[in-house]
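See below for the structure under consideration.
Side chains included, hydrogens not; waters and symmetry mates left out as well; all remaining heavy atoms used.
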Amino acid sequence: QVQLVESGGGLVQAGGSLRLSCVVSGLTFSSYSMGWFRQAPGKEREFVAARAWGSGATSYADSVKGRFTISRDNAKNTVLLQMNSLKPGDTAVYYCAADPSSFRLTSGNGKYWGQGTQVTVSS
């Protein structure tokens with residue numbers, strides 16, 4: 001049974017930082033590309049960041065480039081999203097996803113999904 005469990009969300013003031021974690025079990029973590037997505041109220045889910053399983057290449061949405069960093073620890077089956085210089089527009093439920101293909105993640109798809117963690121940025 002594959003499980004992705006996110007944590008680290010919360011309430012932060014604009015300009016602050018949060019670090020999200022996603023612990024993965026039930027699959028060969030090192031063979032999966034990992035991504036983060038978010039969905040704000042009334043909006044569609046959008047791609048945030050991805051990190052490929054092989055090359056380690058990263059991709060980011062333009063809206064978070066230079067502020068967010070995705071990393072992974074294969075020994076701990078964990079993917080992290082460090083979020084700095086947060087803005088009210090970053091308020092959303094954040095989801096991690098796993099897929100053998102980083103291209104699928106950057107295209108907005110994923111084979112496995114977590115339940116999400118709420119991030120709220122106050123102005």
Side-chain angles (χ1 to χ4, degrees):
Q1 179 182 359
V2 177
Q3 286 191 314
L4 286 71
V5 180
E6 302 97 334
S7 63
L11 173 64
V12 64
Q13 288 189 331
S17 299
L18 281 175
R19 188 176 75 166
L20 305 184
S21 298
C22 175
V23 179
V24 181
S25 60
L27 53 76
T28 304
F29 181 75
S30 59
S31 296
Y32 277 76
S33 296
M34 297 299 300
W36 287 95
F37 295 77
R38 67 187 182 186
Q39 187 167 20
K43 296 186 177 181
E44 293 188 354
R45 185 181 66 203
E46 64 174 353
F47 167 78
V48 174
R51 190 175 182 100
W53 68 269
S55 66
T58 55
S59 300
Y60 295 94
D62 288 343
S63 59
V64 307
K65 278 182 182 176
R67 299 188 298 123
F68 291 10
T69 303
I70 185 171
S71 61
R72 60 188 295 162
D73 185 338
N74 287 343
K76 296 181 178 179
N77 285 13
T78 299
V79 60
L80 304 173
L81 185 68
Q82 178 66 43
M83 305 186 296
N84 299 328
S85 302
L86 284 161
K87 306 174 181 179
D90 295 318
T91 296
V93 177
Y94 283 71
Y95 300 89
C96 69
D99 197 284
S101 166
S102 61
F103 176 76
R104 280 178 45 83
L105 289 172
T106 58
S107 299
N109 299 295
K111 186 172 183 178
Y112 301 106
W113 293 85
Q115 294 298 309
T117 185
Q118 176 71 46
V119 171
T120 303
V121 184
S122 63
S123 58

Under a 4.0 Å threshold between the charged nitrogen and the carboxylate oxygen, would Asp62 count as salt-bridged to Lys65? yes

Identify the two heavy atoms, one from Ser33 and one from Ala52, that lie closest to each other, and give their separation to 0.1 Å. OG-CA, 3.4 Å

In the single-linkage hydrophobic clustering (I, L, V, M, F, W, Y; side-chain heavy atoms under 4.5 Å), do Val48 and Val23 co-cluster? no

Please tell me if the side chains of Thr120 and Val12 come closer than 4.5 Å, counting only heavy atoms from C-beta onward. no

When you compare the side chain of Glu6 with that of Leu20, does any pair of heavy atoms fall below 4.5 Å? no

Side-chain contact, heavy-atom cut-off 4.5 Å: Cys22 with Val24? yes

Flag if over 12 foreign heavy atoms under 6.0 Å of CD, Gln115: no

If you take all heavy atoms of Ser122 and Leu11, which pair is closest and at what distance? CB-CD1, 4.3 Å

Side chains of Thr78 and Asp73 only: does a donor on one sit below 3.5 Å from an acceptor on the other? no

Answer with yes or no whether the hydrophobic clustering places Trp36 together with Met83; edges join I, L, V, M, F, W, Y residues whose side-chain heavy atoms lie under 4.5 Å apart. yes

Taking all heavy atoms of Leu105 and all of Gly35, pick out the closest pair and write down the distance. CD1-N, 3.7 Å

Residues two or more places apart in sequence or in another chain: which of them pass side-chain contact (heavy atoms from CB on, under 4.5 Å) with Ser71? Leu80

For Ile70, does its backbone N or O pair with a side-chain atom of Tyr60 as donor and acceptor, under 3.5 Å? yes

salt_bridge(Arg104, Asp99) N-O dist < 4.0 Å: yes

Sequence neighbours excluded, which residues qualify as side chain to side chain donor-acceptor pair (under 3.5 Å) partners of Tyr32? none

Which atom pair, heavy atoms only, marks the closest approach of Val121 to Lys87? CB-O, 3.2 Å

Sole candidate of Trp113, Tyr95, Tyr94 that passes ring pair (Phe, Tyr, Trp, His ring centres under 6.0 Å) when paired with Phe37: Trp113

Has the side chain of Ser55 got a donor or acceptor atom that lies under 3.5 Å from a matching backbone atom of Ala57? yes

hydrophobic_cluster_shared for Val119 and Phe47, side chain cutoff 4.5 Å: no

Heavy-atom distance under 4.5 Å between the side chains of Trp53 and Arg72, does that happen here? yes

For Arg38 and Ala92, which heavy atoms make the closest approach, and how far apart are they? CB-CB, 3.8 Å

Looking only at heavy atoms, what is the nearest atom pair of Asn84 and Ser17, with distance? OD1-OG, 2.9 Å

Would you check if the side chain of Arg67 reaches a backbone N or O of Gln82 as a donor-acceptor pair within less than 3.5 Å? no

Nearest 0.5 Å, what's the OG-CG distance between Ser101 and Asn109? 9.5 Å

Kindly compute the distance separating CG (Leu81) from CZ (Arg51), expressed to the nearest 0.5 Å. 12.0 Å

Roughly how far, to the nearest 0.5 Å, is the OG1 atom of Thr58 from the CE atom of Met34? 14.5 Å

